Amino acid sequence: MSADPKVLLTELLRTALNSVAPDQADAVILLERPKQANHGDFATNLALQLAKPLRRNPRELAALLLAELPASPLVAKTEVAGAGFINFTLAADAKTAVVREVLARGAAYGRGASKGVKVQVEFVSANPTGPLHVGHGRGAAYGASLSDLRACAGYEVTREYYVNDAGRQMDILALSTWLRYLAFFGIEVAFPPNAYQGDYVIDMARELRDAHQDRFARVTLAQVLDGTPGLPTAERKDDEAKQQRELHLDALIANAKRLLGEDYPWVHGFALNEQLSDGREDLAEFGVRFDKWFSEQSLFDTGLVERAVSQLEKAGHIYLQDGAKWFRSTDFGDEKDRVVQRENGLYTYFASDIAYHLNKYERGFDRIIDIWGADHHGYIPRVKGAIAALGLPPEKLEVALVQFAVLYRNGQKTSMSTRSGEFVTLRELRKEVGNDACRFFYVLRKSDQHLDFDLDLAKSQSNENPVYYVQYAHARVCSVLAQWDGEAAELAAADLGRLQNERELALCASLASYPELVQNAAADYAPHQIAFYLKDLAAEFHSWYNAERMRVEDEALKLARLALAAAVKQVLAGGLALLGVSAPASM
RNA sequence: CUGCCCGUAGCUCAAUUGGAUAGAGCACCGGCCUUCUAAGCCGGGGGUUGCAGGUUCGAUCCCUGCCGGGCAGGCCA
């Protein structure tokens, strides 16, 4: 017989069901924890579900099931309620047993058994062309917490960052760096408005100069500008002007490649590595770590992009038009067909993304999770379409969209424009509100919900701040335990029968629901559920703390209460760890 | 114009994958520190879940149509 009440109750109900309705013996038995305390510890809607197929009154059916339910010492009371619910109230022993279990398993409490399922989570994957900003921060916090949550639930998780080190954006960064560098040597090229504006580019240029002096500056202004169409005036916003600015930029890149020759890849690589290591350091400080940094360029180097496209071609999903290769994604539910190879022979970003997903499938993951910004939602049909076209199961891929985060200060939106290079970086945000508050606030909302990030609230060291509220509960337990001079073994042996008041039993019920919560939150891609649970658990603890003393004269009662407190501390610490938030021993 | 997401208390948000009387925090009002951390607790008012239908024992949740907000719709990434 199982010690887990939920499993036990399911077994009892199955037995009853077998004798009441043998032909419905395979029906799904769902047990839930009622919101209201007077509805017992567990409830099932089994009779309501079976009423229709059996053509019976649900309340009568519930009564019949109860009549056939085998007796169990763990069940104190059963009743038929409402429209036909069956409510179960557990015996006190069964409720408090969780304390012993938490103390015995320690940090492993809540961890699910290994499912033998390999999951890959790819997140952040920002272009390494500048500092991470607050939008990336949400993806980072969400992805890290989701990964840890899935790992805790029993999945085998690989955390991956896709590095866009190929393509035009990186060329623009290399060019931007080089132009800033040239300025140090008096070669003043008008800085293109569509190049990277940030001061970090000037910093890189300075490093380049300090390390290599004029090695990359043996050119003239005329050579750099040779063949460029020139820049339209800044006021012009028409399409023609925009296009000319892009052509101008591309011509500058072409000149840079020609003039620098073998040094170009070096400058390119320098800028890439600077930005990549900056991002890596930023994320590491934020408690966000990756198992693999996957290079987009490697997809070209290994010929995978070519192979992916030819595989689509062989399957008959590619056609030629206007000199370009198109993937017929409309056959797979997309709005329009998409180019994979341009007229100029270059592959599109979409082509390398197809190759990347092919690679993910070939690595044998059972579940592939992409975390994208919500502005990429239109991209999902074409990627799933390409996967299906390659003969792979698209349902293995799950795309989790993360909505935008908007910063508020003094009740006002703060601007986040990237155009001028004056955006709020993740680093600035972390510095201002601290890593703990950052991580917690980022996952406090459902991922598909817009996030209003209130800077003043995140910084406030008061009851208004949910982070401190939870951490404070943890610190309080630590403080009490520190003032007690006993041994941990005494707690494990405490007489839990002494836990009798409502607050104590409610706390036990909350602790007992934690493992299920981990499973549900992991399955739903919803780390915010952990945050809400922790707030609730902390609230129950604070309430109990104010109502009862733990270190009382009665030795047995003291040990029982300290054991409960220690169990609460364990679960708080475990939950906070999933969110990447520290659990301080004092505050 | 088309597609996706969202709409819940004055504000910011939950609601155990369709459950019972829709819950928290903030804000507002009133209480609790000579005893384990007051970054805490206790009590009070606050709702036609955007609107209208449909599906069923039962809908904030699922379907349809409107209204309102956000985001997309490149041979960019």
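In the text below, chain A, chain B and the rest are named by the order of the sequence lines, each starting its count at 1. Note that the structure is predicted; figures quoted are calculated from it, not measured. Only this structure's heavy atoms are used, side chains among them; waters, hydrogens and symmetry mates stay out.
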inquiry  = Please enumerate all residues that pass side chain to side chain contact (heavy atoms under 4.5 Å, CB included) together with A/A241, with sequence neighbours excluded.
reply    = A/P232, A/R236, A/D238, A/R245

task = Compare side-chain N and O positions of A/R476 against OP1 and OP2 of B/A38 and report whether any pair is under 4.0 Å apart.
result = yes

query = Which nucleotide, B/C42, B/A14, B/C36, lies nearest any side-chain atom of A/S543?
reply = B/C42

Give every pair of a protein N or O atom and an N or O atom of nucleotides 54-60 of chain B that lie under 3.5 Å apart, one pair per line with the distance.
none

message = Just to verify, what does A/E490 make a side chain to side chain donor-acceptor pair (under 3.5 Å) with, not counting sequence neighbours?
response = none

request  = Grab the OH-C1' distance between A/Y469 and B/G40 for me, whole Å please.
outcome  = 8 Å

query = Do A/R561 and A/E504 meet the salt-bridge criterion of a basic N to acidic O distance under 4.0 Å?
reply = yes

List the atom pairs, with distances to 0.1 Å, where a side-chain N or O of residues 523-541 of chain A and a protein N or O form a donor-acceptor pair under 3.5 Å, not counting sequence neighbours.
unit_1 : atom_1 : unit_2 : atom_2 : d
A/Y533 : OH     : A/S510 : O      : 2.7
A/E540 : OE1    : A/S510 : OG     : 2.5
A/E540 : OE2    : A/S510 : OG     : 3.4

task = Return the nearest nucleotide to the side chain of A/R549; candidates are B/G19, B/C36, B/U21.
result = B/C36

message = Quick check on B/A39: is either OP1 or OP2 less than 4.0 Å from any side-chain nitrogen or oxygen of A/Y468?
response = no

request  = With heavy atoms under 4.0 Å as the rule, sort A/E548 into base, sugar-phosphate or nothing.
outcome  = base

task = Measure from the side chain of A/A475, starting at C-beta and using heavy atoms only, and say which of B/U37, B/C6, B/A15 lies closest.
result = B/U37

key: Counterpart residues, side chain to side chain contact (heavy atoms under 4.5 Å, CB included), relative to A/K35 (two or more places apart)   = none

Side-chain donor/acceptor of A/S295 to backbone N/O of A/Q297, under 3.5 Å = yes

inquiry  = Using the P atom as the point on both nucleotides, what is the distance between B/A52 and B/A15, in whole Å?
reply    = 25 Å

task = Output yes when at least one side-chain N/O atom of A/K446 is less than 4.0 Å from OP1 or OP2 of B/C5, else no.
result = no

request  = Taking atom P in both B/A38 and B/C32, compute the distance separating them and give it to the nearest angstrom.
outcome  = 16 Å

task = Just call it for A/A482: base, sugar-phosphate, or nothing, with non-hydrogen atoms closer than 4.0 Å on any strand.
result = nothing

request  = Determine the Euclidean distance between corresponding P atoms of B/G25 and B/C36; express it in Å to zero decimal places.
outcome  = 25 Å

Separation of B/C41 C1' from A/H542 NE2 (nearest whole Å) = 10 Å

N-glycosidic conformation, B/C63 - syn within 90 degrees of 0, else anti = anti

request  = Round to a whole Å and report the spacing from CZ of A/R445 to P of B/A15.
outcome  = 11 Å

remark   = 5' to 3', nucleotides 68-77 of chain B under a 4.0 Å protein heavy-atom cut-off (B base, S sugar-phosphate only, - none) gives --SBSSSBSB

key: N/O (side chain, A/H39) to phosphate O (OP1/OP2, B/U16) under 4.0 Å   = no

remark   = Rounded to whole Å, the OH-C1' distance (A/Y545 to B/C33) equals 11 Å

request  = Only counting residues at least two apart or in another chain, list the ones meeting side chain to side chain donor-acceptor pair (under 3.5 Å) with A/H376.
outcome  = none

ask   = Under the 3.5 angstrom rule, does the side chain of A/D165 hit a backbone N or O of A/E296 as a donor-acceptor pair?
value = yes

request  = Return the 5'-most residue of the pair A/M550, A/Q449 with respect to RNA chain B, ranking by each residue's nearest nucleotide.
outcome  = A/Q449

key: Span that lies between the P atom of B/U21 and that of B/A59, in whole angstrom   = 10 Å

ask   = When all nucleic acid strands are considered with a 4.0 Å heavy-atom cut-off, which category describes A/A47: base, sugar-phosphate, or nothing?
value = nothing

request  = Send over the distance from A/F85 CZ to B/G18 C1', rounded to a whole Å.
outcome  = 10 Å

task = Go through the structure and list residues passing side chain to side chain donor-acceptor pair (under 3.5 Å) with A/D375, not counting sequence neighbours.
result = none

request  = Using the P atom as the reference point in each nucleotide, state the distance between B/G10 and B/G45 in Å, no decimals.
outcome  = 16 Å

ask   = Looking only at atom C1', what distance separates B/U60 and B/G47, rounded to whole Å?
value = 12 Å

query = Given the P atoms of B/G7 and B/C13, what is the spacing between them in whole Å?
reply = 10 Å

Contacts of type side chain to side chain contact (heavy atoms under 4.5 Å, CB included), residue A/A51, not counting sequence neighbours = A/P58

message = Taking side chain to side chain donor-acceptor pair (under 3.5 Å) as the definition, give me every residue that meets it alongside A/Q169, ordered by chain and number, with sequence neighbours left out.
response = A/Y196

query = Looking only at atom types and distance, does a side-chain atom of A/H317 sit under 3.5 Å from a main-chain N or O of A/E313, one as donor and one as acceptor?
reply = no

key: Length of the line joining A/D436:CG and B/A39:C1', which is rounded to integer Å   = 14 Å

ask   = Can you find a donor-acceptor N/O pair under 3.5 angstrom joining the side chain of A/N87 to the base of B/A20?
value = yes

key: Contacts of A/W484 that satisfy ring-ring contact (aromatic ring centres under 6.0 Å, His included) - sequence neighbours left out   = none

Contiguous Watson-Crick or G-U pair runs (3 or more, under 3.5 Å) in RNA chain B = B:1-7 with B:67-73, B:10-13 with B:23-26, B:28-32 with B:40-44, B:50-54 with B:62-66

task = For B/A39 and B/A22, measure between their P atoms and round to the nearest Å.
result = 35 Å

message = Between P on B/U12 and CZ on A/F532, what's the gap in Å once rounded to a whole number?
response = 14 Å

request  = Give A/S513 one of three labels, base, sugar-phosphate or nothing, depending on what nucleic acid heavy atoms sit under 4.0 Å from its own.
outcome  = nothing

message = For a quick check of understanding: with a heavy-atom distance under 4.0 Å over all strands, which category does A/A81 fall into, base, sugar-phosphate or nothing?
response = base

task = Starting from the 5' end of RNA chain B, give me the residue, A/Q483 or A/G82, whose nearest nucleotide shows up first.
result = A/G82

ask   = Can you check the A/L401 CG to B/C4 P distance for me, whole Å?
value = 13 Å

query = Under 4.0 angstrom, heavy atoms only, what part of the nucleic acid is A/P381 near: base, sugar-phosphate, or nothing?
reply = nothing

query = Does A/K360 pair with A/D370 as a salt bridge, N-O distance under 4.0 Å?
reply = yes

